[in-house]
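Worksheet: the structure to be examined is printed underneath.
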Amino acid sequence: MQAPETSSPALKNLEEWDDFVAKRYRPGKSQSEFRNYKAEANPTVTEFYRQNHAHQTLDFVLARRKEFCGLAREKKSIWEMAEFLNTLVDESDPDTDLTQIEHLLQTSEAIRRDGHARWFVLAGFVHDLGKVLCLWGQPQWAVVGDTFPVGCAWSDQIVFPEFFAANPDSQVPEYQTLYGIYEPNCGLEKVHLSWGHDEYIYTVTRDYLPEPAQYILRYHSFYPAHKHGAYGHLMNSHDERMFDWVRKFNPYDLYSKGTERPNFKELRPYYEDLVAEFFPDRIAW
Ligand SMILES: [Fe+2]
Ligand SMILES: [Fe+2]
């Protein structure tokens with residue numbers, strides 16, 4: 001199945017989505033203020049969600065997993081991929097925006113400053129490498145955005161739930177029940193989430209990182225669950241325990257954007273060691 005065409009990019013850059021999420025969950029924001037997220041979504045962010053919710057069907061997700069999760073594309077090091085991802089620049093304002101590597105370093109450095117384990121720092125450093133999907137021709141709505149299960153009813157805790165009316169799965173009664181194609185508390189391992197950079201980087205790194213890191217990478221955009229407690233009926237007790245790590249990670253992802261650019265040159269030796277501790281020279285992508 002071909003990815004549906006998008007006439008023009010919905011977002012000026014991928015950070016526009018990240019920034020919207022960070023604003024939505026600004027610390028100290030009240031529940032009623034949160035409910036007002038639509039006021040903060042600019043037209044391109046709104047259009048982005050319209051496309052995401054219309055096109056992320058169960059068939060689409062299964063096709064993308066088949067296309068990318070076999071990891072038959074190439075063998076490259078973490079560093080080669082980080083540098084490749086860094087070619088993704090914001091065309092509108094290349095001087096003031098952080099590069100992709102700088103966002104990764106700000107996240108991982110904030111984790112390191114809090115004295116967390118090395119695997120946790122490393123999870124921060126690699127968590128968005130899956131965004132290379134964008135450089136392989138995937139539309140933005142199939143790379144970033146809050147994730148949610150497909151093949152069962154959409155939670156009203158997903159942003160812009162009204163946009164699901166345009167999703168072909170809304171016409172499949174089997175997918176519109178609470179459990180859909182799944183069993184109660186079957187565990188997230190059996191649940192297909194909307195396709196994006198989380199599932200891809202989880203697949204690439206799963207053999208090398210401890211399980212809490214795998215959960216962090218795989219579910220860091222699953223806001224309906226880790227922020228709003230939705231989909232507990234599909235999770236098992238192991239998922240619930242592991243989600244403590246996903247929740248612990250989230251503030252580092254959202255709020256580590258400082259005014260200071262991380263000094264990549266200075267930090268590089270530490271990260272060379274860290275990456276080499278967990279990963280072989282080259283891994284399959
Ligand atoms: Fe991400
Ligand atoms: Fe991120």
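Remember, it's 1-based here, ligands and their atoms both numbered in the order they're listed.
In this structure, Trp17 and Phe48 have tilted ring planes: the angle between them lies in the 30° to 60° band.
Counting only N and O atoms by type, the side chains of Thr147 and Asp198 include no donor and acceptor under 3.5 Å apart. Inspection of the Thr57 and Asp59 side chains reveals no N or O donor paired with an N or O acceptor under 3.5 Å. For the residue pair Glu15 / Gln100, a side-chain donor-acceptor distance below 3.5 Å is found, with atom types taken as modelled.
Restricting Asp128 to its N, O or S atoms, the one at the least distance from the Fe ion (ligand 2) is OD2. When the N, O or S atoms of Asp253 are ranked by distance to the Fe ion (ligand 2), OD1 comes first. When the N, O or S atoms of His127 are ranked by distance to the Fe ion (ligand 2), NE2 comes first.
Not a single N/O/S atom of Asp18, whether from backbone or side chain, sits less than 2.8 Å from the Fe ion (ligand 2). The Fe ion (ligand 2) has no N, O or S atom of His220 under 2.8 Å away, backbone or side chain.
Atom NZ of Lys75 is surrounded by 12 or fewer heavy atoms from other residues, nucleotides or ligands within 6.0 Å.
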